[in-house]
*Asks:* 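One structure follows; several queries about it will come next.
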Amino acid sequence: MKARTAPLWLLLALALPMALPAQPVPTSLQGLHLELRRADSNQVAVHHYFWPDGRHCEGLPSGGLPQEPADPALIAPGLRCDRYSVSEGLVHLQGPAGKTTRSLVARSDGRLELDGHPFIKLQALPDAAGLAGTYAALVVGSQTQRQVYVFQPDGRFRFSATPMTSEDGSPIAYEGQFRTQGQLLELSGAATGALQRLTAYPYPGGGLMIDGVVFTR
């Protein structure tokens, strides 16, 4: 008996990817978000913190974010803050300098875009076991250093900073204990001096952002 062949239109339909339905745009936002703006061939990271009651601050909060929603009194100092609302795919920002309107789009895969830029809700840090690993970054500022964090599953860590030239200071190395809570990385130990409370989160696509610096694993 001769096998029957499916009609050509059916074969083409099965071969083509199915279009995903458009996702609804959220009407309110909450938590720390990352906007990746394009600048020439580079990306510029811009942080936003939103409260569901309509408050918004632009910039990376310092001192860690142990819970959500965060205490506005701990975030607002030093950041540009205003009010926001979302309606019909538009984000309206109202501040001392006036009103700004930006487009908010939910792609078919669920990802958000703000004025065409990737706009990502940032996640909390994992526990000590989930964070365990070695993370390194080349930090360029008044001094250029290669900084490395080594986190252990039992809550211990080691830190080192290696200067790139003789003008970049002296090598630094110390160890201690760490803990995570939300987007707070807390470092303690005799060599660290005072308790360090840093804003940190898993960087989208891999790695770890610590206090504004992206460390790769």
*Asks:* Between Leu208 and Val214, does a side-chain contact (heavy atoms from CB on, under 4.5 Å) hold up when you go through it step by step?
*Replies:* CA-CA 6 Å; Leu208 185 66; Val214 178; over 6 Å; no
*Asks:* Do Glu175 and Arg156 come within less than 4.5 Å of each other through their side chains, counting heavy atoms only?
*Replies:* no
*Asks:* Do Glu113 and Arg102 sit within salt-bridge range, that is, some charged N less than 4.0 Å from a carboxylate O?
*Replies:* no
*Asks:* Quick one: does Glu88's side chain get under 4.5 Å of Leu90's, heavy atoms only?
*Replies:* no
*Asks:* Using the ring of each side chain (for Trp, its six-membered ring), is Tyr174 parallel, tilted or perpendicular to Phe159, with breaks at 30° and 60°?
*Replies:* tilted
*Asks:* Just checking, any donor-acceptor pair under 3.5 angstrom between side chains of His92 and Ser85?
*Replies:* no
*Asks:* Is there a chain of hydrophobic side chains (I, L, V, M, F, W, Y, each step under 4.5 Å between heavy atoms) that links Leu122 to Phe50?
*Replies:* no
*Asks:* Taking Gln30's backbone N and O only, do any of them form a donor-acceptor pair with Tyr49's side chain (distance below 3.5 Å, no angle check)?
*Replies:* no
*Asks:* Using modelled atom types only, decide if a donor and an acceptor are shared between the side chain of Gln183 and the backbone of Gln123 within a distance under 3.5 Å.
*Replies:* yes
*Asks:* Should we count CZ of Arg179 as having more than 12 external heavy atoms under 6.0 Å?
*Replies:* yes
*Asks:* Look up atom CG in Leu29 and atom CG in Leu112, then write down how far apart they are to the nearest 0.5 Å.
*Replies:* 7.5 Å
*Asks:* Does atom CZ of Arg80 have more than 12 heavy-atom neighbours from other groups under 6.0 Å away?
*Replies:* no
*Asks:* Is Met164 close to Leu138 at the side-chain level, that is, under 4.5 Å between some pair of heavy atoms?
*Replies:* yes
*Asks:* Do Leu34 and Phe119 have side-chain heavy atoms sitting under 4.5 Å apart?
*Replies:* no
*Asks:* Could you walk me through whether Tyr149 and Ile210 pass side-chain contact (heavy atoms from CB on, under 4.5 Å), step by step?
*Replies:* CA-CA 10 Å; Tyr149 284 93; Ile210 304 176; 3.8 Å; yes
*Asks:* If only atom types and distance count, is the side chain of Asp168 paired as donor or acceptor with the main-chain N or O of Thr144 below 3.5 Å?
*Replies:* yes
*Asks:* Distance from Arg197 atom CZ to Asp211 atom CG, nearest 0.5 Å?
*Replies:* 12.5 Å
*Asks:* Checking side-chain polar atoms at under 3.5 Å, does His47 have a donor or acceptor matched by the opposite partner on Tyr201?
*Replies:* yes
*Asks:* In terms of hydrophobic clusters joined by side-chain contacts under 4.5 Å, are Leu185 and Val139 together?
*Replies:* yes
*Asks:* According to a 4.5 Å side-chain heavy-atom criterion applied to Ile, Leu, Val, Met, Phe, Trp and Tyr, with indirect links allowed, do Phe178 and Val213 form part of one hydrophobic cluster?
*Replies:* yes
*Asks:* Do Thr162 and Val148 touch side chain to side chain, with heavy atoms closer than 4.5 Å?
*Replies:* no
*Asks:* Hey, could you give me the CG/CG distance between Leu93 and Asp82, rounded to the nearest 0.5 Å?
*Replies:* 5.0 Å
*Asks:* Quick one: closest heavy-atom pair of Gln147 and Ala161, and the distance?
*Replies:* CG-CB, 4.1 Å
*Asks:* Which heavy-atom pair separates Leu195 from Ser188 by the least distance, and what is that distance?
*Replies:* CD1-CB, 3.5 Å
*Asks:* Does Arg111 offer a backbone N or O that forms a donor-acceptor pair with the side chain of Asp109 under 3.5 Å?
*Replies:* yes
*Asks:* Should Thr216 and Tyr135 count as side-chain neighbours, where that means a heavy-atom distance under 4.5 Å?
*Replies:* no
*Asks:* Would Cys57 and Trp51 satisfy side-chain contact (heavy atoms from CB on, under 4.5 Å), going step by step from the backbone distance to the final call?
*Replies:* CA-CA 9 Å; Cys57 290; Trp51 289 266; 3.9 Å; yes
*Asks:* What's the shortest heavy-atom distance between Pro153 and Ala128, and which atoms?
*Replies:* O-CB, 3.5 Å
*Asks:* Does any non-hydrogen side-chain atom of Ser103 lie less than 4.5 Å from one of Leu114?
*Replies:* no
*Asks:* So which atom in Val86 and which in Leu104 form the shortest heavy-atom distance, rounded to 0.1 Å?
*Replies:* CG1-CD2, 4.2 Å
*Asks:* Could you tell me the separation between the CG atom of Asp71 and the CD atom of Gln67, rounded to the nearest 0.5 Å?
*Replies:* 7.5 Å
*Asks:* Between Val150 and Phe215, is there shared hydrophobic-cluster membership here, with clusters defined by ILVMFWY side-chain heavy atoms closer than 4.5 Å?
*Replies:* no
*Asks:* Fit a plane to each ring of Phe151 and Phe157, take the angle between them on a 0 to 90° scale, and name the class: parallel (under 30°), tilted (30 to 60°) or perpendicular (over 60°).
*Replies:* tilted
*Asks:* Mind listing the closest non-hydrogen atom pair of Thr199 and Met209 along with its distance?
*Replies:* O-CE, 3.6 Å
*Asks:* Got Ser28 and Asp53 here, is their nearest side-chain heavy-atom distance under 4.5 Å?
*Replies:* no
*Asks:* Are Leu184 and Leu65 connected into the same hydrophobic cluster when the rule is that any two of I, L, V, M, F, W, Y join if their side-chain heavy atoms are below 4.5 Å apart?
*Replies:* no
*Asks:* Any idea which heavy atoms bring Leu125 and Ala200 closest together, and the distance?
*Replies:* CG-O, 3.7 Å
*Asks:* Quick check for you: to the nearest 0.5 Å, what is the distance between His33 atom NE2 and Glu58 atom CD?
*Replies:* 13.5 Å
*Asks:* Can you check side-chain contact (heavy atoms from CB on, under 4.5 Å) on Val44 and Leu36, steps first, answer last?
*Replies:* CA-CA 6 Å; Val44 178; Leu36 294 173; over 6 Å; no
*Asks:* Quick one: pull up CG in Leu79 and NE2 in His48 and give me the separation to the nearest 0.5 Å.
*Replies:* 11.5 Å
